[in-house]
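Throughout, residue positions are numbered sequentially from 1 according to the sequence presented.
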Amino acid sequence: YDWTDDWAAFDILPVEDPMEIVVLNDRLLREVDLIFAVSAELERRAAMVNPHTYRAPNATDPEKLGQAVGEGPPAAELIGLPRPIIGYVGQVADKMDYELIGQVARARPDWSFVFVGPVWSSKREQVASLKELGNVHFLGVRPFEQLVPYLRGFDVCTLPHAVTPLTRSMDPIKLYDYLAAGKPIVSTPVAGVERFADVVRVAAGPADFVAALEAARSENGSLAERRWSYAQANTWQTRAGEMWQALARHIK
């Protein structure tokens with residue numbers, strides 16, 4: 001069982017009672033032969049009921065995304081936007097702190113805040129409100145292979161997630177992709193970022209987030225190589241090899 005999120009913590013569920021999800025998940029944890037848990041919190045919870053639990057964090061493809069720090073133009077949609085461009089790649093969903101985003105965007109009206117990814121239908125109202133600010137741009141879905149020019153055009157990459165039971169149990173793929181791009185990173189204090197505390201600026205609240213963005217955009221590039229090293233140590237190929245080793249030990 002590959003446990004990648006605390007399913008019952010999502011705002012939108014396929015059942016009326018979240019406890020149905022909890023019960024089904026607990027049954028899976030007890031009955032499967034092996035569990036891969038994406039985060040430290042999910043690993044802790046799984047290990048309480050099944051000793052055959054392994055941590056399997058997310059990963060990235062540094063060979064592809066590493067192009068973002070190389071030569072080449074940014075995405076056409078970013079050309080002409082006022083700089084700095086503060087970027088986000090991923091789902092615009094219930095993990096986001098929309099109030100934080102709004103306050104930060106209002107505090108820096110001369111900056112551009114760009115979001116690349118699908119907008120969940122349940123968050124259209126929040127997105128529409130942010131669009132009214134004029135410096136917040138939601139570009140919609142882009143295929144993975146087209147992300148490099150967007151990352152190349154970002155001055156700072158962000159994880160503006162709300163701190164909730166859901167985000168305390170996650171391990172964001174986008175964090176690894178940002179590391180592969182080598183760009184400065186600012187995040188709220190959600191699960192996963194503590195592993196890379198020396199190359200990710202963590203901020204709680206609008207004032208701290210703005211300050212962290214200011215510091216990030218003035219980086220001299222000295223942390224890019226360290227971020228790249230983290231990405232190379234967390235490739236999908238490496239992660240798959242670790243998981244196969246665990247399977248070989250426990251599945252006879």
Side-chain angles (χ1 to χ4, degrees), residues 65 67-120 123-142 146-163 167 172 174-175 177-190 193 196 199-224 227:
L65 294 174
Q67 300 174 51
V69 297
E71 297 293 330
E77 292 169 289
L78 304 183
I79 297 174
L81 288 180
R83 304 195 81 95
I85 296 176
I86 312 302
Y88 171 91
V89 172
Q91 297 193 50
V92 181
D94 48 6
K95 297 177 182 180
M96 306 276 282
D97 190 335
Y98 296 93
E99 181 63 26
L100 172 71
I101 295 166
Q103 291 189 46
V104 171
R106 291 184 187 93
R108 292 295 182 272
D110 53 333
W111 294 6
S112 299
F113 296 84
V114 174
F115 296 82
V116 179
V119 175
W120 282 25
K123 300 304 175 185
R124 288 174 183 166
E125 183 177 340
Q126 291 92 327
V127 166
S129 178
L130 288 171
K131 282 183 176 179
E132 292 178 359
L133 297 176
N135 64 332
V136 183
H137 310 272
F138 292 88
L139 305 184
V141 181
R142 297 294 180 274
Q146 294 180 16
L147 290 182
V148 166
Y150 290 93
L151 291 168
R152 185 182 293 133
F154 293 167
D155 295 297
V156 182
C157 296
T158 61
L159 287 91
H161 288 157
V163 180
T167 59
K174 65 180 61 62
L175 174 58
D177 290 344
Y178 292 166
L179 291 170
K183 292 299 184 79
I185 304 168
V186 175
S187 174
T188 51
V190 295
V193 297
F196 310 107
V199 295
V200 177
R201 287 178 170 82
V202 179
D208 285 349
F209 208 87
V210 170
L213 289 173
E214 291 278 15
R217 64 185 288 251
S218 62
E219 268 190 22
N220 59 13
S222 61
L223 296 180
R227 294 189 184 104

Under 3.5 Å, side-chain donor or acceptor atoms of residues 210-219 against the rest of the protein: list the pairs with distances, not counting sequence neighbours.
residue: Glu214; atom: OE1; partner: Arg217; partner atom: NH1; Å: 3.4
residue: Glu214; atom: OE2; partner: Arg108; partner atom: NE; Å: 3.0
residue: Glu214; atom: OE2; partner: Arg108; partner atom: NH2; Å: 3.2
residue: Ser218; atom: OG; partner: Glu214; partner atom: O; Å: 3.3
residue: Ser218; atom: OG; partner: Ala215; partner atom: O; Å: 2.9
residue: Glu219; atom: OE1; partner: Arg227; partner atom: NH1; Å: 3.3
residue: Glu219; atom: OE1; partner: Arg227; partner atom: NH2; Å: 3.4
residue: Glu219; atom: OE2; partner: Arg201; partner atom: NH1; Å: 2.6
residue: Glu219; atom: OE2; partner: Arg227; partner atom: NH2; Å: 2.8

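- Between atom CD of residue Gln126 and atom CG of residue Asp97 there is a gap of 11.0 Å, rounded to the nearest 0.5 Å.
- Between Leu100 and Gly205, the shortest heavy-atom distance links the atoms CD1-C, 3.7 Å.
- Without hydrogens or angle criteria, Thr188 side chain to Ala162 main chain gives no donor-acceptor distance under 3.5 Å.
- Considering only residues two or more places apart in sequence or on other chains, Ser222 meets the side chain to side chain donor-acceptor pair (under 3.5 Å) condition with Asn220.
- Tyr98 meets the ring pair (Phe, Tyr, Trp, His ring centres under 6.0 Å) test with no other residue; sequence neighbours excluded.
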Just distance, no hydrogens or angles: give the donor-acceptor pairs under 3.5 Å from side chains in residues 81-95, sequence neighbours left out.
residue: Arg83; atom: NE; partner: Asp155; partner atom: OD2; Å: 3.1
residue: Arg83; atom: NH2; partner: Gly153; partner atom: O; Å: 2.7
residue: Arg83; atom: NH2; partner: Asp155; partner atom: OD1; Å: 3.1
residue: Arg83; atom: NH2; partner: Asp155; partner atom: OD2; Å: 3.2
residue: Tyr88; atom: OH; partner: Gln91; partner atom: O; Å: 2.8
residue: Gln91; atom: OE1; partner: Trp120; partner atom: NE1; Å: 2.5
residue: Asp94; atom: OD2; partner: Asp11; partner atom: N; Å: 2.8

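- Shown here for Leu151 and Cys157, the closest heavy-atom pair between the two residues is CD2-SG, 4.1 Å.
- Qualifying side chain to side chain contact (heavy atoms under 4.5 Å, CB included) partners for Val148, counting only residues two or more places apart in sequence or in other chains: Leu65, Gln67, Ala68, Arg152.
- The heavy-atom pair separating Pro74 from Ile79 by the smallest distance is CG-CG1, 3.9 Å.
- Taken from CG in Leu130 to CZ in Phe113, the straight-line distance is 10.5 Å, to the nearest 0.5 Å.
- Side-chain N or O atoms of Tyr178 include none that pairs as donor or acceptor with a backbone N or O of Lys183 at under 3.5 Å.
- Nearest heavy atoms, Val190 versus Ser187: CG2-OG, 3.9 Å.
- Residues His137 and Gly134 approach most closely at CE1-O, 3.6 Å, considering heavy atoms.
- Leu133 approaches Val136 most closely through the heavy-atom pair CD1-CG2, 4.0 Å.
- For Arg142, the side chain to side chain contact (heavy atoms under 4.5 Å, CB included) test picks out Glu77, Val116, Leu139, Gln146, Leu147, Tyr150, with sequence neighbours left out.
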Quick one, Leu159 with Ile185, criterion side chain to side chain contact (heavy atoms under 4.5 Å, CB included). Give me CA distance, side-chain angles, the key distance, then yes/no.
CA-CA 8 Å; Leu159 287 91; Ile185 304 168; 3.9 Å; yes
